[in-house]
Chemist: 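What follows is a structure written as structure tokens; I'll ask about it next.
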Amino acid sequence: MKIQIEAFGIAKDIFGNKYIELEIEDSIKVAVLKELLILKYPALKDLRSLAIAINESYANDQDEIKETDEIVLIPPVSGG
């Protein structure tokens, strides 16, 4: 199945696009998605944190991702 991931901030720069698509088998856990993304985009491992939201809610590493889910990658943010 294909999933679409929306990225913000530095993650968008690392991807080179606001959206990417990944081909995965059935459903996967958030932890596995993070591993796949770091393999494909090694610069992600240098980020101090990397949160994933599923359907507008922050996800934990054990949450399942399905094809119909809206997935957003949220890198560390700074403000002033």
Chemist: Is the number of heavy atoms from other residues, nucleotides or ligands within 6.0 Å of CZ (Phe8) greater than 12?
Modeler: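 Yes, because the 6.0 Å sphere around CZ of Phe8 holds more than 12 heavy atoms from other groups.
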Chemist: From Leu36 CG over to Ile5 CD1, what is the distance, rounded to the nearest 0.5 angstrom?
Modeler: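 These two atoms lie 8.5 Å from each other.
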Chemist: Indicate the atoms forming the closest heavy-atom contact of Ala11 with Pro75, along with that distance.
Modeler: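 The answer is N-CG, 4.0 Å.
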Chemist: Show me, pair by pair, the donor-acceptor contacts under 3.5 angstrom made by side chains of residues 65-74, not counting sequence neighbours?
Modeler:
unit_1, atom_1, unit_2, atom_2, d
Asp69, OD1, Asn55, ND2, 2.9
Asp69, OD2, Lys66, N, 2.7

Chemist: Atom CD of Glu6 and atom CD of Gln4: how far apart are they, to the nearest 0.5 Å?
Modeler: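 Nearest 0.5 Å value for the CD-CD distance: 8.0 Å.
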Chemist: Might you work through the side-chain contact (heavy atoms from CB on, under 4.5 Å) test for Ile20 and Leu37, ending with a clear yes or no?
Modeler: CA-CA 10 Å; Ile20 62 164; Leu37 289 171; 3.8 Å; yes
Chemist: Just wondering, more than 12 heavy atoms not from Glu56 lying within 6.0 Å of its CD?
Modeler: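 No, the 6.0 Å shell around CD holds no more than 12 heavy atoms from other groups.
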Chemist: Among pairs that include at least one residue of residues 22-34, which meet salt bridge (charged side-chain N to carboxylate O under 4.0 Å, His left out), considering only residues two or more places apart or in two chains?
Modeler: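 Non-adjacent pairs meeting salt bridge (charged side-chain N to carboxylate O under 4.0 Å, His left out): Lys29-Glu64, Lys34-Asp61.
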Chemist: Using the rule that two of Ile, Leu, Val, Met, Phe, Trp, Tyr join whenever any of their side-chain heavy atoms come within less than 4.5 Å, decide whether Ile28 and Tyr58 are in one cluster.
Modeler: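 The answer is no; the residues belong to distinct hydrophobic clusters.
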Chemist: Please tell me if the side chains of Phe15 and Leu44 come closer than 4.5 Å, counting only heavy atoms from C-beta onward.
Modeler: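 Heavy-atom side-chain distance check passes, below 4.5 Å.
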Chemist: Of the options Ile3, Ile54, Asp63, which is the one that meets Leu33 in a side-chain contact (heavy atoms from CB on, under 4.5 Å)?
Modeler: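 By the side-chain contact (heavy atoms from CB on, under 4.5 Å) criterion, Leu33 pairs with just one of Ile3, Ile54, Asp63: Ile3.
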Chemist: Among residues two or more places apart or on two chains, list those pairs meeting salt bridge (charged side-chain N to carboxylate O under 4.0 Å, His left out) that have a residue in residues 37-46.
Modeler: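 Qualifying pairs, neighbours excluded: none.
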